[in-house]
Amino acid sequence: MDGQIIARVSEQFPLILYTSEKWSITVESALTFTDAGDDTRRFKGDAPEDVTALGPLLQGLTFREATVEDGSLRLAFTNGAELIAPPDPHYESWGVTGPAGQRIISMPGGELAIWAAEEPDR
């Protein structure tokens, strides 16, 4: 996802980031967002006002890297901002879907469910 731009952000729950290369990232639980000025905000993730507040902060940002560690999704942006979505002990907290059917879901407790890209029709 490096170099992709957040082209669109959902306007209601759940928070969904749509990238310039047709990927989508869905966050359905708590998250932390640190802006380029190191101002850190914590969001419950399941509140409509959280999605409304995050949209303008994320729209147009360019990914520097996306990583997963211990079930947490970390999105780092070229301007220095960062979004971290940790796993939830009881619910699927986040998911990433690619244009060829790739999919990664953080299951309850942080275990990952992973689907590979679909084979093209021959």
Side-chain angles (χ1 to χ4, degrees):
M1 294 182 28
D2 302 356
Q4 293 186 46
I5 297 168
I6 297 178
R8 186 167 59 93
V9 180
S10 61
E11 295 179 10
Q12 57 188 4
F13 179 77
L15 175 66
I16 306 173
L17 311 177
Y18 299 94
T19 77
S20 56
E21 300 297 321
K22 309 292 186 220
W23 287 77
S24 65
I25 301 157
T26 303
V27 180
E28 298 187 58
S29 62
L31 64 94
T32 302
F33 179 75
T34 303
D35 66 22
D38 285 334
D39 182 25
T40 299
R41 302 173 201 180
R42 288 172 176 66
F43 296 91
K44 292 182 283 182
D46 61 354
E49 61 272 13
D50 289 351
V51 175
T52 302
L54 277 164
L57 300 173
L58 296 167
Q59 182 78 31
L61 293 181
T62 301
F63 288 96
R64 182 172 47 83
E65 68 178 350
T67 57
V68 176
E69 185 174 327
D70 297 327
S72 289
L73 174 66
R74 179 180 164 270
L75 305 175
F77 301 97
T78 57
N79 72 345
E82 181 177 83
L83 183 148
I84 298 175
D88 186 284
H90 306 289
Y91 305 101
E92 294 176 357
S93 61
W94 59 265
V96 177
T97 304
Q102 310 94 317
R103 192 166 185 183
I104 302 171
I105 303 291
S106 178
M107 304 299 289
E111 183 179 342
L112 300 180
I114 301 171
W115 290 265
E118 298 170 359
E119 292 291 323
D121 292 335
R122 294 182 182 222

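What you see is a predicted model; the values in this text were computed from it and never measured.
Surrounding CG of Asp70 are at most 12 heavy atoms belonging to other residues, nucleotides or ligands under 6.0 Å away. More than 12 heavy atoms of other shown residues, nucleotides or ligands fall within 6.0 angstrom of atom CD in Glu49.
Looking at Phe33 and Leu58, their side chains come closer than 4.5 Å, going by heavy atoms from C-beta outward. Within the 4.5 Å cutoff, the side chain of Ile25 has heavy atoms near those of the Leu73 side chain. In this structure, Gln59 and Val9 have side chains that are in contact, with non-hydrogen atoms separated by less than 4.5 Å. At a threshold of 4.5 Å between non-hydrogen side-chain atoms, the residues Ser72 and Pro87 count as touching. The shortest distance between side-chain heavy atoms of Glu65 and Arg74 falls below 4.5 Å. Put simply, the side chain of Phe43 does not reach to within 4.5 Å of the side chain of Val51, judged on heavy atoms. You'll find the side chain of Leu75 reaches within 4.5 Å of the side chain of Leu17, heavy atoms only.
When all heavy atoms are compared, the tightest approach of Ile6 to Phe63 is CG1-CE1, 3.8 Å. Taking both residues in full, the closest heavy atoms of Glu21 and Pro99 are given as O-CG, 3.7 Å, listed atom of the first, atom of the second, then distance. When all heavy atoms of Tyr18 and Ser10 are compared, the closest pair comes out as CE1-N, 4.4 Å. Smallest separation of non-hydrogen atoms from Pro108 and Pro89: CB-O, 3.8 Å. Of all the heavy atoms in Ser20 and Ala7, the pair that sits closest is N-CB, 4.1 Å. Shortest non-hydrogen contact noted between Gly3 and Thr62 is O-CG2, 3.6 Å.
Linking ILVMFWY residues whenever their side-chain heavy atoms come closer than 4.5 Å, directly or via other members, places Val68 and Val96 in the same cluster. At a threshold of 4.5 Å between side-chain heavy atoms, the hydrophobic network of Ile, Leu, Val, Met, Phe, Trp and Tyr places Ile5 and Val27 in two separate groups. Both Leu57 and Met1 sit in one connected hydrophobic cluster of ILVMFWY residues. Membership requires side-chain heavy atoms under 4.5 Å apart, directly or through other members. Hydrophobic cluster membership is shared by Trp23 and Leu112, with clusters built from Ile, Leu, Val, Met, Phe, Trp and Tyr side chains linked at under 4.5 angstrom.
Judged by distance alone, with hydrogens and angles left aside, the side-chain atoms of Asp50 form a donor-acceptor pair with the main-chain N or O of Lys44 at under 3.5 Å. Under the 3.5 Å distance criterion, the side-chain polar atoms of Glu82 are left unmatched by any main-chain donor or acceptor of Asp35. Ser106 contributes no side-chain N or O that, together with a main-chain N or O of Trp94, makes up a donor-acceptor pair within less than 3.5 Å.
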When you look at Leu31 and Leu15, which way does the side chain to side chain contact (heavy atoms under 4.5 Å, CB included) test go after all the steps? CA-CA 10 Å; Leu31 64 94; Leu15 175 66; 3.9 Å; yes
Stepwise side chain to side chain contact (heavy atoms under 4.5 Å, CB included) test for Glu28 and Tyr91: CA-CA 9 Å; Glu28 298 187 58; Tyr91 305 101; over 6 Å; no
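For the atom pair Ile114 CD1 and Met107 CE, the distance stands at 11.5 Å (nearest 0.5 Å). To the nearest 0.5 angstrom, Thr32 atom OG1 is 12.5 Å from Arg41 atom CZ. To the nearest 0.5 Å, atoms OG1 (Thr26) and CD1 (Ile105) are separated by 7.5 Å.
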